[in-house]
Amino acid sequence: MKQVQLKNSPESFTVGKIICLGRNYLDHIRELNNEVTDRAVIFCKPSSSLLADGGKIVIPEYSNDCHHELELALLVGKTGKNIEATTALSYLAGYGVALDLTLRDLQSELKNAGLPWEIAKGFDTSCPLSDFIPANQVADPNNLELILKVNGEVRQRGNTAQMMRSVEKIIAEISIYYTLEAGDIILTGTPAGVSKIESGDLLEGTIEQVGSLQASVA
Ligand code: MG
């Protein structure tokens, strides 16, 4: 899955970087006993981690604790560097629903050793992703309810209004470090309620005005 589609539009984008924000919801920071940092926590997933809507998640054999993290996804529509927050939304082509699947046991092991933990975040199928809705169809990306159900039971319920950094600030801060280009995807962090998924589970993520995403665990 190297192409993503804008709904009700002939437009598609070749995926570039997948840039993810960590620790963007205070209640999630607290549930993992993490610290609030001044600088945004940023990491990348490779494009080989993408899984199309309705796909099957394959948890690697070297982990026994894979967590779901439901997140609002942003699709970048044009090139920008050192973007001002005031114009940041004009760089977006669309909004989507994503899961930032995380091998929590491997992440903790690497984190405790002071090592980079990207391999706990970037394994194959670790980024289920919906189609994108055109950006002009979402009135305010900073006020959208997110709900994740596993086997019909609500596990995560939050609102992007709870984000510590708004969508505009996320774009501005990431673009200090990385030039953003059309086809780049940004994951904006997850609210509280992350928990383990297991073989046979059905995950259904919904974001108000944006859409929904399904994935099952092989
Ligand atoms: Mg996340």
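This chain uses plain numbering: 1 for the first residue, then up along the sequence. As the structure lists them, so they are numbered: ligands from 1, and atoms in each ligand from 1. Being a predicted model, the structure only gives us computed values, none of them experimental. Reckoned from all heavy atoms, side chains included, excluding hydrogens, waters and symmetry mates.
Side-chain contact of N159 with E208: a donor-acceptor pair under 3.5 Å is absent, judged by distance alone. Q3 and S12 form a side-chain donor-acceptor contact under 3.5 Å, judged by distance and modelled atom types alone. Judged purely by distance below 3.5 Å, without hydrogens or angles, the side chains of S130 and D53 never pair a donor atom with an acceptor atom.
A salt bridge does not link R39 to E173: none of the charged side-chain nitrogens sits closer than 4.0 Å to a carboxylate oxygen.
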From CA spacing to verdict: side-chain contact (heavy atoms from CB on, under 4.5 Å), L103, D65: CA-CA 6 Å; L103 306 176; D65 194 19; over 6 Å; no
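Evaluation of the salt bridge (charged side-chain N to carboxylate O under 4.0 Å, His left out) rule for E31 yields no partner, not counting sequence neighbours.
Protein N/O/S atoms closer than 2.8 Å to the Mg ion (ligand 1): E69 OE1, E71 OE2, D100 OD2.
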